[in-house]
Structures are given as C-alpha cells and as structure tokens.
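Numbering of ligands and ligand atoms starts at 1, following listing order.
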Amino acid sequence: MNIILLGPPGAGKGTQAKRLIERYGIPQISTGDMLRAAVAEKTPLGLEAKKYMDAGQLVPDSVVIGLVKERIQKDDCKKGYMLDGFPRNVSQAETLDRMLNELGQKIDHVVCIEVPEDELIQRLTGRRTCRQCGAGFHVMFDPPKQEGLCDKCGGELYQRDDDNVQTVTSRLKVYKDQTEPLIAYYEKQGKLRRIDGLGSIDEIFNRIVAVLG
Ligand code: AMP
C-alpha cells in the first residue's frame, strides 16, 4: 500500500506516520527528516537546503524529487511506503505520478489531516524533539516530566530551527499557496481521504485506520 500523508505543518503527519508504519509494516519517507539529516551532516545538499528551510520556503523540486526517487526504489519499499511531506506542490505531484507510472507503481490513498490555523501555530511553536531518540513532546499539551529532558531516554530536547513564530507563519502561507491545491488534485483522482485532525493522537490514528482499512 502506497500512501501520501497530506496536511499543513503541525497537523500531526509525523506523529501519525510513526504509528501507521508500525501498523502496516511499511517505511515512512519524510522529505523533511531527510533534509534535516543532510543539514546536520553538512552535506552540500544540506547546506543548500538549509537556506530555504530556515526561511520557511520549499527547497527546489529537483532536490526533493531526487531524494524520493532514490528512496522509493530501496528494498524496504517493496511492500509499500508512506510519503510524509511529499509532494508539496502540484509540480512535485505530477512528477511523482510520472515516476510511479514508469516504475509500475501507484498511490493508493492520500490521507489529508485537517486542523484549523490558530491551533497549528500553538502546536508548532510549542513542540520539542529528543535529540537522542527523536521522541516528540509539547510544552503545553504533552510536557516532559523534567523540563528539557526526554521521558523515554533522558536525552536533551530541542526546538526545530523552523518552529519559531516567524518561520511558522511563512510555512503556513507556503502550505496555503502551494500545497493546498493538492487537495483538489487528488480529489479528482478519487484518492483523497479527509481526516479531522482535532482530538487525541489515538482518536486521529483510529480515524485514519478506519479509512485505510
Ligand atoms: P517538514 O518536516 O515536512 O515540515 O519540512 C520542513 C522543511 O523542509 C519545509 O519547510 C521545506 O523547507 C523542506 N521540505 C520538506 N519537504 C519538502 C518538499 N517535498 N519540497 C520542498 N521542500 C520540502
């Protein structure tokens, strides 16, 4: 099963992806995570991407398309995969369709998690991640027992560079202008599954599983 997780930044795509990959036994392919890894390793691609990421803009299509094309052909993708944060605009979606066609594959479901904008800003600016194990927390909604430290492994919690108010505002605008048109794109293909993204992590997970079957 090949799935796309769609939705604005802060909708909970990453959180749900982590649970869904366990349920369905397929890998999560997050272009944001891949780019952040390249930034951390200071590769030429990472250094180039960082400029766009820090400004809340999309990195050039050619960069992310190359990453995804290579990744979906790895052995662990044979039974399917979950794309998280890709495609991000209509041009990426069209390229993906062509690429999958050539590989004899297709997207089965596009899960769109919907959350109102004022809730997104609160969620994004308060989220923290463990540097060691990647666990996610939120200063208000899911605070760690000890401030700044991960409950699971004791690692240091950090805030993503692009989760400050200014960058969040421009990421939300980029979503509205460039990514939201994908809703109509996939609706036309009959693949769109809308999910109410308000509620507990479990509730939202159950809603997604109910539509994926
Ligand atoms: P995310 O973790 O999905 O919120 O992505 C963080 C940042 O990485 C975005 O604001 C973009 O700068 C960049 N990025 C991630 N995925 C893509 C993509 N498919 N196309 C262009 N830029 C992306």
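When non-hydrogen atoms are compared, ligand 1 lies under 4.0 Å from the backbone of L58 as well as from its side chain. Residue contacts with ligand 1, taken as heavy atom pairs separated by less than 4.0 Å, involve V59 via backbone and side-chain atoms alike. Contacts with ligand 1 closer than 4.0 Å are made by no heavy atom of K13, backbone or side chain.
In summary, the atoms of ligand 1 found under 4.0 Å from a heavy atom of D162, numbered by their order in the structure, are 6 (C). For ligand 1, the atoms closer than 4.0 angstrom to any heavy atom of R171 are 4 (O).
Put simply, the side chain of K152 does not reach to within 4.5 Å of the side chain of Q132, judged on heavy atoms. Residues I195 and Q16 are not in side-chain contact: their nearest non-hydrogen atoms beyond the backbone lie 4.5 Å or more apart.
Contact check on D163 versus R171 returns a salt bridge, with a Lys/Arg side-chain nitrogen under 4.0 Å from an Asp/Glu carboxylate oxygen. In this structure, R194 pairs ionically with E187, as a charged nitrogen and a carboxylate oxygen lie closer than 4.0 Å. One finds a salt bridge joining R71 and D76 here, because a Lys/Arg side-chain nitrogen approaches an Asp/Glu carboxylate oxygen to under 4.0 Å.
Applying the ring pair (Phe, Tyr, Trp, His ring centres under 6.0 Å) test to pairs two or more places apart or on separate chains, none has a residue in residues 185-213.
The distance criterion of under 3.5 Å between nitrogen or oxygen atoms is not met by V64 with respect to ligand 1.
A pairwise comparison of heavy atoms in I204 and D196 identifies CG1-O, 3.9 Å as the closest pair.
Every residue two or more places apart in sequence or in another chain that forms a ring-ring contact (aromatic ring centres under 6.0 Å, His included) with F141 is listed here: H138.
At least one heavy atom of R160 sits less than 4.0 Å from an atom of ligand 1.
Closest to atom 20 (N) of ligand 1 among all protein heavy atoms lies Q92 NE2, 2.9 Å. The nearest heavy-atom contact from the protein to atom 9 (C) of ligand 1 is R88 NH2, 3.5 Å. Atom 8 (O) of ligand 1 has as its closest protein heavy atom M53 CE, 3.6 Å. Of the protein's non-hydrogen atoms, Q57 O, 2.6 Å is the one closest to atom 12 (O) of ligand 1.
In this comparison of T31, I65, L35, the heavy atom closest to atom 14 (N) of ligand 1 sits on L35.
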